[in-house]
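Here the structure comes first, spelled out in structure tokens, and everything after it is commentary.
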Amino acid sequence: MAIHEVRLVRRDVVAEGTMAFYLSRPAGFEFRAGQSLLFRLIAPPETDGEGDSQTFTIASAPHEPELMIATRVRDTAFKRVLKSLPPGAALGIDSPNGDMVLEESVSRPLVVLAGGIGITPFRSMALHAAHARLAHRMLLLYGNRRREDAAFLDELQELERRNPNFRLVAVISEPQKSARPWSGETGLIRRELIEQYVPEPKAALFYFAGPPAMIAAMHVLLEELGIAEEAMRYEEFYGY
């Protein structure tokens, strides 16, 4: 049984094949930047083997008035129903959970490695840090295949201009397949790129999120750089 009932306020396309869903926020509902929620469809018109509930990271920041999630729009019953819900439709949510949250300590710089829709927890963290004027120094390496696939990129670029403690390095692996010009970093998030932008990687705290294959690759990469397990915070995103 869901703990809270929320209402769909609106939805927006935030990248090609990716939608953001804005939901009413229950009175007194608190969460930490980086946490997630279990969302439940209420009496959906169709279902499949993936069920009527799914966990999403909260992409909105704790200070924002609405709850927001963002997801790739795959062809599943859950996603079809979610995409077709009219404004005002009810959904159920549980209490926030997850341990990949912004560290209280600012003694170490934060290096964030995000792939695709794995950006959602870090949008929340970056906006929260700027709003609360936290002293955290944060570098975000954000990888996508094309510029069109990069959700929230314009917003993050604007945030970089406003917050001197936040730096964004967007990385596009297949710029030749994009209809939009790209003059930034290309290829994949890799050792040389981390060494270029992180002068002392062993002094940093690393966050990363994305599909399982990316998580495994980032884990190996950081181990090769001599990063200890205790300096890693990560979360796998399945089927998003």
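At a threshold of 4.5 Å between non-hydrogen side-chain atoms, the residues L67 and F31 count as touching. A 4.5 Å side-chain heavy-atom check between E30 and R25 finds at least one atom pair inside the cut-off. Side-chain contact between L140 and V169 is absent, with no heavy-atom pair separated by less than 4.5 Å. You'll find the side chain of D12 reaches within 4.5 Å of the side chain of Y22, heavy atoms only. Contact annotation: the side chain of D75 approaches that of R80 to within less than 4.5 Å [non-hydrogen atoms, C-beta and beyond]. Here the side chains of M218 and F206 are not in contact, with every heavy-atom distance at 4.5 Å or above. Between H136 and N165 there is no side-chain heavy-atom pair separated by less than 4.5 Å. A 4.5 Å side-chain heavy-atom check between L102 and L134 finds at least one atom pair inside the cut-off.
Under the 30°/60° scheme for interplanar angles, the aromatic rings of Y234 and H219 are found to stand perpendicular. Aromatic ring orientation, F56 versus F39: perpendicular (interplanar angle above 60°, classes split at 30° and 60°).
Considering every non-hydrogen atom in both A77 and E46, the closest pair reads CB-OE1, 3.9 Å. Among all heavy-atom pairs drawn from A33 and H128, the shortest one is CB-CB, 4.1 Å.
Rounded to the nearest 0.5 Å, atoms CG (L23) and NE2 (H4) are 13.0 Å apart. Separating the OG atom in S124 from the CZ atom in F152 is a distance of 10.5 Å, to the nearest 0.5 Å. How far CD of E5 is from CG of L91: 8.5 Å, rounded to the nearest 0.5 Å. Between the CZ atom of R190 and the CG atom of L113 there is a distance of 12.5 Å, given to the nearest 0.5 Å. Atom-to-atom distance recorded for E16:CD and T18:OG1 is 9.0 Å, nearest 0.5 angstrom. Here L153 contributes atom CG and I172 contributes atom CD1; the two are 7.0 Å apart, rounded to the nearest 0.5 Å.
Residues that satisfy the side-chain contact (heavy atoms from CB on, under 4.5 Å) test with A130, not counting sequence neighbours, are L159, N163. Take E174 and apply the side-chain contact (heavy atoms from CB on, under 4.5 Å) test, not counting sequence neighbours, and it matches R145, Q176, K177. Residues forming a side chain to side chain donor-acceptor pair (under 3.5 Å) with T47 (at least two apart in sequence, or on another chain): D52.
Follow the hydrophobic side-chain contacts under 4.5 Å out from F21 and you reach F29 in the same cluster. The hydrophobic clustering, which links ILVMFWY residues whose side-chain heavy atoms are closer than 4.5 Å, places L141 and L156 apart. With hydrophobic clusters built from ILVMFWY side chains whose heavy atoms lie under 4.5 angstrom apart, L110 does not share a cluster with I194. There is no path of hydrophobic side-chain contacts, each under 4.5 Å, that joins F122 to I69. Hydrophobic clustering, with ILVMFWY side chains joined whenever heavy atoms are under 4.5 angstrom apart, groups V14 together with L168.
By the 4.0 Å N-to-carboxylate-O rule, R108 lies close enough to E230 to be salt-bridged with it. With respect to R147 and D154, a salt bridge is recorded, a charged nitrogen being found less than 4.0 Å from a carboxylate O. We find that R233 and E103 are joined by a salt bridge, their nearest charged nitrogen and carboxylate oxygen being less than 4.0 Å apart.
Side-chain N or O atoms of R11 include none that pairs as donor or acceptor with a backbone N or O of M19 at under 3.5 Å. Counting only distance, with no hydrogens or angles, the side chain of R180 and the backbone of S178 share no donor-acceptor pair below 3.5 Å. When atom types are taken as modelled, the side chain of S60 and the backbone of M68 share a donor-acceptor pair closer than 3.5 angstrom. At distances below 3.5 Å, at least one donor-acceptor pair connects side-chain atoms of E148 with backbone N or O atoms of A179. Side chain of Y142 to main chain of A151: a donor-acceptor pair is present (N/O by atom type, distance under 3.5 Å, no hydrogens or angles). When atom types are taken as modelled, the side chain of T57 and the backbone of S36 share no donor-acceptor pair closer than 3.5 angstrom. Panel note: side chain D149, backbone N144; no donor-acceptor pair is recorded below 3.5 Å. A donor-acceptor pair is defined here as one N or O able to donate and one able to accept, closer than 3.5 Å; such a pair exists between the side chain of E64 and the backbone of A61. When atom types are taken as modelled, the side chain of R123 and the backbone of A59 share a donor-acceptor pair closer than 3.5 angstrom.
Within a 6.0 Å radius of CG in D99, no more than 12 heavy atoms belonging to other residues, nucleotides or ligands are found.
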Please step through side chain to side chain contact (heavy atoms under 4.5 Å, CB included) for the pair Q54 and F78, ending with a clear verdict. CA-CA 8 Å; Q54 191 166 324; F78 187 101; 3.7 Å; yes

